[in-house]
2 protein chains.
Amino acid sequence: MSVGIRHDDLRRRNRAMVISAVRRAGQPSRTEIAATTGLSHSTISAISADLIQEGILAESKASEPTALKRGRPQIGLALNPEAAAVLTVVLSLNFLSVAVIDYAGQVVAEEQLRLDTLVMPRDELIGECVAIVRRRLQDPDLDVGSVARIAMGIQGITDTHARAMLWSPITPLTDIPFADILEKEFGIPATTENDCNMMAVALQWRDPERYRDDFIAILLSHGIGMGLVLKGTLFTGTHSSGGEFGHMIHRPGGALCRCGRRGCVEAYAGNYAIWRSAMKMSEDAEPVDVGDADMRALAAKAREKDGPEREAYRRAGEALGFGLGNLFALIDPAPVAMVGVSAAAFDLIEPALREAIAQTAGGQHSKSISFDTEPNELPLIREGCAMRALTFVDQEIFAPGVQARSGAGKNVA
Amino acid sequence: MSVGIRHDDLRRRNRAMVISAVRRAGQPSRTEIAATTGLSHSTISAISADLIQEGILAESKASEPTALKRGRPQIGLALNPEAAAVLTVVLSLNFLSVAVIDYAGQVVAEEQLRLDTLVMPRDELIGECVAIVRRRLQDPDLDVGSVARIAMGIQGITDTHARAMLWSPITPLTDIPFADILEKEFGIPATTENDCNMMAVALQWRDPERYRDDFIAILLSHGIGMGLVLKGTLFTGTHSSGGEFGHMIHRPGGALCRCGRRGCVEAYAGNYAIWRSAMKMSEDAEPVDVGDADMRALAAKAREKDGPEREAYRRAGEALGFGLGNLFALIDPAPVAMVGVSAAAFDLIEPALREAIAQTAGGQHSKSISFDTEPNELPLIREGCAMRALTFVDQEIFAPGVQARSGAGKNVA
DNA sequence: GGCTTTTTTTCGAGCCCCAAAAAAATACTG
DNA sequence: CAGTATTTTTTTGGGGCTCGAAAAAAAGCC
């Protein structure tokens with residue numbers, strides 16, 4: 001049951017609030033923080049003095065050309081980049097990428113790797129992940145505070161507690177507890193989360209005006225994935241990462257999906273489905289992986305003249321539209337960000353998509369639904385992982401509850 | 001943005017916590033409250049002394065036959081029934097019902113009314129609602145603390161802020177701001193919420209073991225409605241009450257639905273749809289309202305022998321199954337409570353429903369999904385409204401924030 | 001009746017936040 | 001250039017809250 005608030009929780013929460021305000025605003029002055037948090041100046045003054053003393057925040061001397069204002073000038077507070085660091089791991093089809101990010105959110109090191117995820121045995125896949133992380137951690141050039149958190153973003157279904165990959169389209173393997181493996185290997189707390197969820201988190205940080213309380217991020221790629229933010233927080237299922245939008249049933253008993261079932265949205269709108277349809281192959285044809293270049297060529301052909309290619313995109317739009325319409329029936333319409341290769345072909349998809357939405361319960365305000373496109377998913381996923389890891393450090397390490405506060409990285413003050 | 005915690009909020013929150021603990025547990029002792037809230041005995045002692053002093057709680061003398069235990073016996077704390085009262089209004093097809101409920105949750109007065117909602121003009125419908133509430137409020141027999149909250153449960157879509165009915169199947173009228181109307185008329189804060197959402201709230205209180213964090217309540221009646229609880233809190237859409245499960249598209253371009261669109265789940269599983277199918281009428285046939293008795297007769301015939309009646313229930317099950325499967329793809333499986341007339345025919349629906357779920361992404365663990373049935377929706381809706389109103393009083397009136405605390409009803413201490 | 005056990009209350013200490021006052025740092029003004 | 005105005009930040013004192021420890025209360029046990 002929900003628990004009472006102890007007296008000591010108060011400071012902890014307000015500390016976290018101040019850190020969060022600084023992370024969000026960049027270089028706010030104490031006065032600005034007081035305004036956004038609603039706490040008094042004295043409280044902010046005391047808390048920020050603590051945080052500076054502990055090396056978590058720093059007064060930013062490199063202030064921009066002073067704003068020529070009367071009165072004592074504001075002193076910007078910034079996150080101390082050396083207070084800590086986090087590490088992100090992004091695993092997607094045939095691709096593994098790792099980055100080290102300082103406490104202020106800047107990438108300080110990076111490594112990418114191609115590998116054949118579809119056929120790798122379990123030990124090898126895990127081994128590659130562990131090895132690439134180890135290389136980054138042991139890099140002697142790495143001159144940031146110790147890495148305090150590892151966040152992994154992975155294409156596939158993960159569990160609610162962000163411990164394991166349960167199922168994934170990028171490998172036949174299932175139930176790999178990546179978070180536990182990394183934690184045991186490096187002694188650093190780790191998480192494993194769904195890639196589309198991380199995309200949604202990233203969008204929230206990138207453009208908080210547009211993506212704040214309620215929005216949807218849809219990945220249009222080999223498969224169809226979704227990240228959903230409702231009432232400002234990331235939506236997850238009761239047991240898994242949830243939001244398996246691509247596997248909602250569009251047509252009962254319809255086209256064959258990569259997941260083995262029939263009639264899923266993905267079986268009409270995934271890259272392989274568009275390809276299959278454009279090539280006039282059977283709806284029962286085994287899904288094949290199509291390269292990004294091939295997809296771009298397909299889209300070009302569809303734009304050039306009417307034909308099976310254009311029809312394939314039309315059908316993809318229809319499936320996505322009915323799927324979105326069903327989703328909107330449950331949650332009401334919200335802004336949508338289309339991410340991934342096929343987002344670049346959204347012009348071909350949109351007309352049929354809007355038409356389909358209009359036929360659904362969620363489509364009453366279909367004209368007001370806004371779409372945004374972003375062809376490149378990788379940076380988004382990494383950014384989401386980074387912010388997830390950093391906010392964990394903010395809240396659980398630099399504003400801890402009962403357990404003793406650990407050393408706050410290198411002190412600068 | 002999220003706001004810092006002021007020092008005075010502390011007491012307010014902990015007061016609310018204590019009240020909530022008492023409402024949940026019935027007659028807990030101070031020691032029990034300390035255990036569930038995690039606060040110290042001294043704090044609980046101080047807060048409960050305040051609450052008793054203010055007439056919100058009372059020490060229950062009528063303790064059951066003392067449990068023959070060593071040591072000072074525990075003193076049960078109970079809600080003081082006279083501390084306040086709330087009023088519930090339930091409006092559904094051709095039926096209006098009002099109840100007055102004391103602070104401890106007991107019904108103290110009640111009135112029900114048949115009326116022809118489908119054809120009533122706007123003023124008359126509103127007038128009837130206002131009139132029935134006025135009669136209850138002016139009843140001289142009413143001997144409880146002043147009514148502090150009105151909660152209305154209504155079949156149809158309401159807005160997120162629980163102010164208005166936006167659309168409803170029980171009347172052609174739209175956008176009636178019932179909450180504002182009642183507030184203005186009686187000067188008592190009011191809300192208007194979706195009936196299925198109130199069912200879900202009631203289930204949470206009735207059987208917190210079974211219905212706690214994640215579950216679904218589905219109303220099988222004239223139409224198909226849903227109330228959804230995720231992570232312990234009632235789910236609502238971004239703009240409306242949300243969860244328009246009945247209007248998810250089951251078959252694009254399929255059977256005609258009461259909402260005017262085609263292929264909705266309701267167009268296969270609503271009473272009128274089952275009737276239409278059993279009578280071998282066209283899928284385009286205009287929906288008609290079918291009485292409960294007729295539906296029970298239909299179910300009896302379907303049980304008796306195979307035929308169009310049984311097939312109609314089968315198709316209803318299929319539609320519900322695919323709808324639930326799509327929902328489960330988004331939120332993962334969760335226990336389901338089937339409520340309403342057709343829930344009594346769930347034996348006819350279940351086989352096809354389970355078969356359909358098994359074909360969807362959410363169906364991986366279809367065997368583990370549990371269903372419960374409850375043929376009578378009205379008591380549930382009322383109970384949900386009552387608990388909604390009472391918890392509002394608990395939190396906003398008896399544990400208020402900045403604004404001055406209003407008199408706490410009749411004092412008993 | 002005294003002892004044990006359990007619950008509840010009382011009391012002092014330590015924190016935390018706030019408001020007001022003071023200090024600091026800059027621009028404006030003549 | 002000195003003095004004044006303005007704005008930000010720090011300091012100080014006060015009131016509240018929760019907690020732990022001790023005391024008080026209320027029973028059963030022997």
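Just so it is clear, the values below take in all heavy atoms, side chains as well, and ignore hydrogens, waters and symmetry mates. No experiment lies behind these values; they were computed from the predicted model shown. A, B, ... follow the sequence lines: proteins, then strands. Residue 1 opens every chain.
For D:dG20, the OP1/OP2 oxygens have no side-chain nitrogen or oxygen of B:S40 closer than 4.0 Å. Phosphate contact (OP1/OP2 of D:dT18, side-chain N/O of B:N14, threshold under 4.0 Å): present. The side chain of A:R11 places no N or O atom within less than 4.0 Å of a non-bridging phosphate oxygen (OP1 or OP2) of C:dC15.
Here C:dC17 presents its C1' atom at 16 Å from CZ of A:R15, a figure rounded to the nearest Å. In this structure, CD1 of B:I5 is placed 20 Å from P of D:dG16, rounded to the nearest angstrom. Rounded to an integer number of Å, the gap from CG of B:L51 to P of C:dT9 is 12 Å. The CZ atom of B:R13 sits 12 Å away from the P atom of D:dT18 (whole-angstrom rounding). B:R12 has its CZ atom 19 Å from the P atom of D:dG16, to the nearest Å. We find that CD1 of B:I47 is positioned 15 Å from P of C:dT8, with the value rounded to whole Å. Atom CG of A:D8 and atom P of C:dC16 are 8 Å apart (whole Å). What separates CZ of B:R6 from P of D:dG15 is a distance of 18 Å, to the nearest Å.
Here A:H239 pairs with nothing under the ring pair (Phe, Tyr, Trp, His ring centres under 6.0 Å) rule; sequence neighbours left out. Scanning for side chain to side chain contact (heavy atoms under 4.5 Å, CB included) contacts around B:T233 gives an empty result, with sequence neighbours left out.
The main-chain N or O of B:Y211 is never found under 3.5 Å from a side-chain atom of B:D207 such that the two would form a donor-acceptor pair. With hydrogens and angles ignored, the 3.5 Å screen pairs no side-chain donor or acceptor of A:E59 with any backbone N or O of A:L77.
Within 6.0 Å of the NZ atom in B:K231, the count of heavy atoms belonging to other residues, nucleotides or ligands exceeds 12.
Atom CZ of B:R23 and atom CG of B:L57 lie 10.0 Å apart (nearest 0.5 Å). Atom OG1 of A:T238 and atom CD1 of B:I331 lie 6.5 Å apart (nearest 0.5 Å).
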(message) I'd like to compare against my own output: the B/S/- annotation of nucleotides 3-11 of chain D with a strict under-4.0 Å heavy-atom distance to protein.
(response) --BBBBBBB
